[in-house]
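Lettering of chains follows the sequences in order, A, B, ..., and the numbering in each one begins at 1. Because only heavy atoms are used, hydrogens play no part in the values below, and waters and symmetry mates are left out as well, while side chains stay in.
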Protein chains: 2
Amino acid sequence: MDALTQAQLNQFRERITPYVTFNEAEWIVFIQHLQVSHYKKKQHFAEAGKVCNYFGFILSGSVRYYNIIDGNEITGYFSFENELASSYKSFLTGEPAINYIQALEPSTIILINRKNMDAMLNNPMLAYKMERFGRLVAEHYLMCYEDRVTSFLTETPEERYLKLLQTGKDVLQRIPQHYIANFLGITPVSLSRIRKRILSPS
Amino acid sequence: MDALTQAQLNQFRERITPYVTFNEAEWIVFIQHLQVSHYKKKQHFAEAGKVCNYFGFILSGSVRYYNIIDGNEITGYFSFENELASSYKSFLTGEPAINYIQALEPSTIILINRKNMDAMLNNPMLAYKMERFGRLVAEHYLMCYEDRVTSFLTETPEERYLKLLQTGKDVLQRIPQHYIANFLGITPVSLSRIRKRILSPS
DNA sequence: TCAAAACGTTAACAAAAGATAAGAAAAGCC
DNA sequence: GGCTTTTCTTATCTTTTGTTAACGTTTTGA
């Protein structure tokens, strides 16, 4: 756990400003509750069976979320720089996580631990804005999940893959294809077939 | 739109107290922002293409959420008494909804419209608790969606159906089976086959 | 640098799900 | 009550996906 640099703080502040705008006095108190940590590739940010005590903001790098089912890893989500990383349910409830979060690349992540989060929620100077921040973040991810569930119900795997391509996110290049297959809810073999179908439509 | 009865208010207050506890002065102001409305069976609470301006709490009855894809209805979710009803994304963003919400039975629903919600979020007397309420509600549904996405990634339709049965919710009896099939992400025909497989495992 | 591990594709076969249609039972509606 | 609509099941056929294994390539790490 290092101290945060000014550049790291600026990056974080710029990203969260649309959600919550701290004045200078608030900001100074807020950043006292932050830590930063480096993760090597394949190092775990959270693990199934253990409580996830951190809420993370990825300054650089990326992570994947996965579950282990019958000994096989199933990758369910990815987060990249300027996005959040947390086994949200575990962080919120204090119950052991059911998934793993692992660095896909060497990553630098700002951390807020459960104790500091509670301290801010109970600090009259920050409480209101932290509640609001928490609401907007939760609502944001809720809407993302809502879209994802809808896509599972109304789209074929091929449609989901095409839509994913259309987002044009270059971050996709950084993800092994069998993880993307998991993300889409199919096997790597099946995704390979879909890709072939798309390239040479008969 | 009727005035709320004391019994209705009590039911609502009991249900939301775990999320937010209003004192008497706050409660009196809060309930001034509530309305109540009755929905006939099959009447719509929200419709695709129209902005959902209401956030609902179901006092009695039930609703289903559905999309129309290629002319076919796909039911994605249900809500019952003491649960919420809203085309959440539309309510939050003000954009037209992409799904329909329809009463499955004659239903009575408490409504908070967008204007009243904003008024409370901007009323210093209520703002803090409304932000907190909103945060906890969003977090609750976020966790539900997270579980649901995980189930799509890691379970077969048969496993999802068995797990649904194991919840033992008698509300399932109130839902036509082909809606449950949609909810599980499969066709009604496929669910019928799964049921047969379960009853007479060869 | 070199062996091991990870990755993507392809093939062959099995299992499951989708599409469509038909028919029976149940529910809803004048 | 009698008619229509909805609901569920079943059968047949097609399509898709899963499973397993093989193979070549790329990446990784000691």
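- With a 6.0 Å radius and a threshold of 12 heavy atoms from other residues, nucleotides or ligands, A:Gln32 has its CD atom above the threshold.
- Residues that satisfy the ring-ring contact (aromatic ring centres under 6.0 Å, His included) test with B:Tyr161, not counting sequence neighbours, are absent from this structure.
- Under 4.0 Å is where a charged nitrogen must lie from a carboxylate oxygen, and between A:Arg174 and A:Glu81 at least one such pair does.
- Rounding to whole angstrom units, CZ of residue A:Arg174 and P of C:dA6 are separated by 21 Å.
- Residues satisfying the side-chain contact (heavy atoms from CB on, under 4.5 Å) criterion with B:Glu155, sequence neighbours excluded, are B:Ser151, B:Glu159, B:Arg160, B:Lys163.
- Under the 30°/60° scheme for interplanar angles, the aromatic rings of B:Tyr19 and B:His140 are found to stand perpendicular.
- Atoms CD1 (B:Ile194) and C1' (C:dA16) sit 9 Å apart, rounded to a whole Å.
- By the 4.0 Å N-to-carboxylate-O rule, A:Arg13 lies close enough to A:Glu24 to be salt-bridged with it.
- The nearest whole Å value for the distance from the CD1 atom in B:Ile175 to the C1' atom in D:dT7 is 15 Å.
- A straight line from CG of B:Asn182 to P of C:dA19 spans 12 Å, rounded to a whole angstrom.
- With A:Thr154 as the fixed residue, the side-chain contact (heavy atoms from CB on, under 4.5 Å) test singles out one of B:Ile69, B:Asp70, B:Asn72, B:Asn99: B:Ile69.
- Using cut-offs of 30° and 60° on the angle between ring planes, the pair A:Phe133 and A:Phe30 is perpendicular.
- Atom CD of B:Gln177 is separated from atom P of D:dC8 by 5 Å (rounded to the nearest Å).
- Between C:dC7 and A:Arg195, no contact under 4.0 Å exists linking OP1 or OP2 to a side-chain N or O.
- We find that CD of B:Gln173 is positioned 13 Å from P of C:dA27, with the value rounded to whole Å.
- In terms of phosphate contacts, B:Arg197 brings a side-chain nitrogen or oxygen within less than 4.0 Å of OP1 or OP2 of C:dA17.
- As a whole-Å value, the separation of B:Lys196 NZ from C:dA16 P is 14 Å.
- Under a cutoff of 6.0 Å and an axis angle of 45°, A:Arg114 and A:Phe55 do not form a cation-pi pair.
- Residues forming a ring-ring contact (aromatic ring centres under 6.0 Å, His included) with B:Tyr179 (at least two apart in sequence, or on another chain): none.
- Over its length, the helix from C:dT1-D:dA30 to C:dC30-D:dG1 turns its helix axis by 60°, as judged from the five terminal pairs at each end, rounded to 10°.
- Taking the ring centre of B:Phe183 as origin, the terminal cationic atom of B:Arg64 falls outside the region bounded by 6.0 Å and 45° from the ring axis.
- Residue B:Asn72 contributes atom CG, which lies 13 Å from atom P of C:dG18 at whole-angstrom precision.
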Could you write nucleotides 18-30 of chain D as a row of B, S and -, 5' to 3', where a protein heavy atom under 4.0 Å of any base atom gives B, of only sugar-phosphate atoms gives S, and otherwise -? BBB-------S--
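- Looking at residues 151-160 of chain B, you'll see B:Pro157 sit with a heavy atom under 4.0 Å from some atom of DNA chain C.
- A:His178 has a side-chain polar atom (N or O) that falls below the 4.0 Å cut-off from OP1 or OP2 of C:dG8.
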